[in-house]
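Chain naming here is simple, since letters A, B, ... match the order of the sequence lines and numbering starts at 1 in each.
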Number of protein chains: 2
Amino acid sequence: MESKAKKMKMTPQRAAIIKYLEGNTSHPSAEDIFESVRKKYPMISFTTVYNTLQTLKDRDRVWELNIDDERKRYDPNVKLHHHLICTRCKNIVDIFMDFQLDVPEEEAQGYMISGRHVEFYGLCPKCGKTKNRG
Amino acid sequence: MESKAKKMKMTPQRAAIIKYLEGNTSHPSAEDIFESVRKKYPMISFTTVYNTLQTLKDRDRVWELNIDDERKRYDPNVKLHHHLICTRCKNIVDIFMDFQLDVPEEEAQGYMISGRHVEFYGLCPKCGKTKNRG
DNA sequence: ACTTTAATATGTAATGATTTCAATATAACA
DNA sequence: TGTTATATTGAAATCATTACATATTAAAGT
Ligand SMILES: [Mn+2]
Ligand SMILES: [Mn+2]
Ligand SMILES: [Zn+2]
Ligand SMILES: [Zn+2]
């Protein structure tokens, strides 16, 4: 009992953030979380959002995605899955498929591979239509 | 002849940046490029590095990677391939394998998929040894 | 219930990568 | 050689994220 097992103090702010994330498949940014939680807790600080996200990351309760080139995105679903991102509006959707992604010893160049993630890029249905001036 | 076909004015700075990138498999950051080119052109501006990278991106001569959570990384190899990143030192190496990554219509959720990229995470040989206090 | 205290929340300042901008310089071409 | 669209430069601005100092509070013990 050590790393993941540290007890986590519950606060209204944390509860609100966790509630917002629960089952959320929109892959929100820290700002998205802040703006949403702010409706109920107008006094919440941006720092608290980042602090809480860090705490949740430490406990593997949230996954930080670098898939969006402008900001970090957060995913409460930490089970292995992949993503499809719209290159125009940055919408992200889940892909639950089990790809065969084994890297043979000689290709791994001595790395100890512990994680894998497939990113697909394209245009979402909405952006696919309005090709220009999106 | 239009988008990609725009002619590109050649300058000593651009030549130096392009030369540095040519065949470079280290996936350098803008700063890496700046520091290297600066040795020959001490007066080069950071802005010029970013400008040139933008120009090269526009012409599909360089690939901007979001794989590193701290900074953008650039890859002069624009042919489809994948990457393996060390989660500790952020070293990035290429994986030239042809994975089967077809997403069936019903999983694509209406997206028009145009690109794919597999990211592997792990520890590089160096970091794998020194498990602590890296 | 009251006390204690380590953990958390807050506001503000700092950081660091990237972008914007206005002025100056120059590659390409006639 | 002159013209001009394009590129370079340095400085300032932007924006996401982090660091810090101070005030607050959840939770464990009494
Ligand atoms: Mn997801
Ligand atoms: Mn590469
Ligand atoms: Zn879209
Ligand atoms: Zn490493």
Side-chain angles (χ1 to χ4, degrees), chain A residues 1-21 27-59 61-74 90 92, chain B residues 2-21 27-59 61-75 90 92:
Chain A
M1 57 199 79
E2 43 161 22
S3 48
K4 310 287 178 55
K6 274 284 209 57
K7 66 189 139 215
M8 186 176 164
K9 196 152 100 176
M10 193 47 54
T11 67
Q13 296 90 335
R14 285 187 166 181
I17 291 169
I18 290 168
K19 184 179 177 193
Y20 173 73
L21 288 175
H27 308 89
S29 65
E31 187 176 13
D32 293 333
I33 297 168
F34 175 69
E35 291 302 343
S36 172
V37 172
R38 193 143 78 127
K39 289 172 191 156
K40 274 217 167 169
Y41 292 87
M43 75 301 295
I44 198 173
S45 156
F46 224 124
T47 305
T48 295
V49 173
Y50 278 113
N51 283 343
T52 300
L53 285 171
Q54 182 59 56
T55 300
L56 293 173
K57 271 194 292 174
D58 289 346
R59 285 146 220 266
R61 290 186 54 180
V62 83
W63 180 10
E64 186 175 86
L65 297 172
N66 298 319
I67 199 173
D68 180 340
D69 62 330
E70 304 186 309
R71 49 182 54 76
K72 289 174 182 164
R73 306 279 289 257
Y74 298 88
K90 306 300 169 65
I92 300 176
Chain B
E2 46 160 20
S3 49
K4 310 288 177 51
K6 273 284 210 58
K7 67 191 140 214
M8 187 174 164
K9 196 152 99 175
M10 193 47 54
T11 68
Q13 295 90 334
R14 286 185 167 181
I17 291 169
I18 290 167
K19 185 178 176 192
Y20 173 73
L21 288 174
H27 307 89
S29 65
E31 187 175 14
D32 293 333
I33 297 168
F34 175 69
E35 291 302 343
S36 172
V37 172
R38 193 142 79 127
K39 288 171 191 156
K40 277 217 166 168
Y41 292 87
M43 74 302 296
I44 197 172
S45 156
F46 226 124
T47 305
T48 295
V49 173
Y50 279 112
N51 283 344
T52 300
L53 286 170
Q54 182 60 56
T55 300
L56 293 173
K57 272 193 292 172
D58 289 345
R59 285 147 222 266
R61 290 186 55 179
V62 82
W63 180 10
E64 186 175 87
L65 296 172
N66 298 318
I67 199 172
D68 180 339
D69 62 329
E70 304 186 308
R71 49 183 55 76
K72 288 174 182 165
R73 306 279 289 257
Y74 298 88
D75 193 337
K90 307 298 171 67
I92 299 177

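Partner of Phe34(A) under the ring-ring contact (aromatic ring centres under 6.0 Å, His included) criterion, chosen from Phe46(A), Tyr74(A), Tyr41(A): Phe46(A).
Sequence order on DNA chain C of the closest nucleotides to Pro12(A) and Tyr74(B) puts Pro12(A) first from the 5' end. The residue among Tyr41(A) and Thr11(B) whose nearest nucleotide of DNA chain C lies closer to the 5′ end is Tyr41(A).
Within a 6.0 Å sphere centred on NZ of Lys40(A), other residues, nucleotides and ligands contribute 12 heavy atoms or fewer.
A donor atom on one side chain and an acceptor atom on the other are not found under 3.5 Å apart for Asp58(A) and Thr55(A).
Among the protein residues, Met8(B) comes within range of no part of the nucleic acid, since none of its heavy atoms lies under 4.0 Å from any strand. Note on Thr47(B): a base of the nucleic acid sits closer than 4.0 angstrom, heavy atoms only.
Taking atom CZ on Arg71(A) and atom C1' on dT18(D), their separation rounds to 17 Å, with Å as the unit. The distance from atom CE of Met10(A) to atom P of dA26(D) is 11 Å, rounded to the nearest whole Å. Distance, Lys40(B) NZ to dT8(D) P: 17 Å, rounded to whole Å. Between Glu70(A) atom CD and dT14(D) atom P there is a gap of 17 Å when expressed in whole angstrom units. Whole-Å rounding puts the Asp69(A) CG to dA16(D) P distance at 12 Å. Ile44(B) places its CD1 atom 9 Å from the C1' atom of dT8(D), with the value rounded to the nearest Å. Regarding Asn51(B), its CG atom lies at a distance of 13 Å from the P atom of dG10(D), rounded to whole Å. The CZ atom of Phe34(A) sits 12 Å away from the P atom of dA16(D) (whole-angstrom rounding).
First and last contacts of DNA chain C with chain B, using any nucleotide atom under 4.0 Å from a protein heavy atom and ordered 5' to 3', fall at dA17(C) to dA28(C).
Side-chain N or O atoms of Arg14(A) include one that pairs as donor or acceptor with a backbone N or O of Lys9(A) at under 3.5 Å. Side-chain atoms of Asp32(B) come within 3.5 Å of backbone N or O of Ser29(B) as a donor-acceptor pair.
Contact annotation: Gln54(A) side-chain N/O to dT18(D) OP1/OP2 distance is not under 4.0 Å. Between dT6(D) and Arg14(B), no contact under 4.0 Å exists linking OP1 or OP2 to a side-chain N or O. Residue Tyr50(A) has no polar side-chain atom (N or O) positioned under 4.0 Å from OP1 or OP2 of dT18(D).
Across Ile17(B) and Thr48(B), no two heavy atoms sit closer than the pair CD1-O, 4.2 Å.
In this structure, His27(A) NE2 and Arg73(A) CZ are separated by 8.0 Å, a value rounded to the nearest 0.5 Å.
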